[in-house]
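Take a look at the structure set out below.
Only this structure's heavy atoms are used, side chains among them; waters, hydrogens and symmetry mates stay out.
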Amino acid sequence: MRLLVIEDNRNLVANLFAYFEARGHVLDAAPDGITGLHLALTKPYDALILDWMLPRMDGPEVLRKLRNEGLSDLPVIMLTARDELPDKLQGFRAGADDYLTKPFDLPELEVRLESLQARVVGRGRSRVLSVEDLRLDLSTLEATRAGTPVHLFPAGRKLLEVLMRASPAVVSREQLEFALWGDDPPDGDMLRSHIYELRREIDGPFAVKLIHTVPRAGYRLARLSSPSNP
């Protein structure tokens, strides 16, 4: 599984990485709610381990925003020291799939995650993103527009995934650069070059353009009713 851990306790994060990586899982981590929300919206994960008490944005609020953004099928297990029934109900109402109180045993967390993942696979979790006549299959990494295959390099595919997940919202340049290069973007305006190539493949042969520049903000992928800036 590819797991995202949103947790500000460094010792706990280190223990999670040591345990799960030794079992072949891949992990990313975020120390606060806003960073974690950004990662969850821009990268594909099989499950999310979410702490309740977080800097900048608490766990339930992160979860509500994730569900509102359309990630209804991402399994989420909340970690918290709160063990009263009203707290558990609040977590479930925010969109949690499971709830584990601290302290906990790592093997139990692993079993719970595997159970959540099995349920998702069993109900046929959709791995296809769709906007208008544009499709991106995250399982096969194949993209099509109006049924015609679209040939993309890895960077273009990642940009397309981020834009499609966020559609019709605007994605900032900073978010797109982070999706491609993390905290170490290259010198120069490489993002503009990648967007140009992506536009050529996605919009070039078609009358209806889907990728639009939003001045001083970023880019969006959507069908607009009025002309937009190129």
Side-chain angles (χ1 to χ4, degrees), residues 1-4 6 25-28 36-50 62-77 95-98 113-172 175-180 191 194-212 214 218-225 228:
M1 289 183 288
R2 183 170 184 178
L3 306 172
L4 174 60
I6 308 179
H25 304 292
V26 178
L27 285 79
D28 286 339
L37 177 63
H38 169 73
L39 287 175
L41 290 174
T42 57
K43 294 186 178 183
Y45 294 100
D46 295 307
L48 170 59
I49 302 170
L50 178 64
V62 170
L63 189 48
R64 279 190 290 268
K65 289 183 179 296
L66 281 176
R67 298 313 191 203
N68 289 338
E69 288 294 328
L71 291 184
S72 59
D73 58 352
L74 176 65
V76 177
I77 184 167
D97 297 284
D98 203 351
L113 287 169
E114 289 173 345
S115 176
L116 290 176
Q117 181 64 11
R119 289 182 214 165
V120 168
V121 173
R123 66 175 180 252
R125 180 182 180 183
S126 174
R127 298 286 291 169
V128 178
L129 301 179
S130 175
V131 177
E132 294 294 326
D133 58 353
L134 179 63
R135 305 285 185 273
L136 176 62
D137 190 320
L138 300 178
S139 299
T140 64
L141 303 181
E142 295 175 346
T144 61
R145 175 106 195 250
T148 301
V150 176
H151 302 288
L152 300 173
F153 289 107
R157 192 181 302 116
K158 171 52 68 176
L159 289 175
L160 181 61
E161 179 184 341
V162 174
L163 289 168
M164 291 184 74
R165 285 188 183 277
S167 178
V170 175
V171 183
S172 70
Q175 288 175 304
L176 293 172
E177 289 176 344
F178 185 88
L180 289 181
L191 178 63
H194 286 306
I195 291 290
Y196 173 81
E197 293 296 331
L198 182 62
R199 269 200 175 110
R200 188 171 66 174
E201 295 296 331
I202 298 299
D203 286 340
F206 300 94
V208 175
K209 308 305 179 185
L210 294 179
I211 301 176
H212 307 277
V214 181
Y219 300 91
R220 67 188 303 191
L221 191 150
R223 179 171 182 161
L224 303 183
S225 57
S228 64

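Between the D28 side chain and the L4 main chain, no donor and acceptor come within less than 3.5 Å of each other. In this structure, H151 contributes its side chain and E201 its backbone to no donor-acceptor pair below 3.5 Å. Although no hydrogens or angles enter the test, the distance criterion places a donor-acceptor pair under 3.5 Å between the side chain of R220 and the main chain of P168. With D46 contributing its side chain and L3 its backbone, the two residues share no donor-acceptor pair below 3.5 Å. A donor-acceptor contact shorter than 3.5 Å links the side chain of D203 to the backbone of L210. A donor-acceptor pair is defined here as one N or O able to donate and one able to accept, closer than 3.5 Å; no such pair exists between the side chain of T42 and the backbone of V162. At least one donor-acceptor pair closer than 3.5 Å links the side chain of R199 to the backbone N or O of I211.
By the side-chain contact (heavy atoms from CB on, under 4.5 Å) test, A155 pairs with L180, H194, sequence neighbours left out. For E177, the side-chain hydrogen bond (donor to acceptor under 3.5 Å, both in side chains) test picks out no residue, with sequence neighbours left out. Listed by chain and number, the residues in a side-chain contact (heavy atoms from CB on, under 4.5 Å) with F206 are R145, A146 (sequence neighbours excluded). Evaluation of the side-chain contact (heavy atoms from CB on, under 4.5 Å) rule for E197 yields R200 as partners, not counting sequence neighbours. For K209, the salt bridge (charged side-chain N to carboxylate O under 4.0 Å, His left out) test picks out no residue, with sequence neighbours left out. Legend: residues meeting side-chain contact (heavy atoms from CB on, under 4.5 Å) with R135, ordered by chain and number and at least two apart, are V128, S130, T144.
With contacts defined as side-chain heavy-atom distances shorter than 4.5 Å, the pair L129/R165 qualifies. The shortest distance between side-chain heavy atoms of V131 and L136 does not fall below 4.5 Å. Counting heavy atoms from C-beta outward, L113 and I49 have side chains that approach closer than 4.5 Å. In this structure, D97 and I77 have side chains that are not in contact, with every pair of non-hydrogen atoms separated by 4.5 Å or more. With a 4.5 Å cut-off on side-chain heavy atoms, L159 and L191 count as touching. Contact of the L160 side chain with the V150 side chain is not registered, since no non-hydrogen atoms from C-beta on lie closer than 4.5 Å.
V171 and A166 make their closest contact through CG2-CB, 3.4 Å (heavy atoms, listed as atom of the first residue, atom of the second, distance). Shortest non-hydrogen contact noted between P75 and L116 is CB-CB, 3.9 Å.
Here NE2 of H212 is found 11.0 Å from CG of L163. Values are rounded to the nearest 0.5 Å. To the nearest 0.5 Å, atom CG of residue L66 and atom CZ of residue R64 are 11.5 Å apart. Atom OH of Y219 sits about 13.5 Å away from atom CD of Q175, to the nearest 0.5 Å.
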Chi angles and distances behind the side chain to side chain contact (heavy atoms under 4.5 Å, CB included) call for R67, V76 = CA-CA 10 Å; R67 298 313 191 203; V76 177; 3.6 Å; yes
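Note on R157 versus E161: no salt bridge recorded, every NZ/NE/NH1/NH2 to OD/OE distance being 4.0 Å or above.
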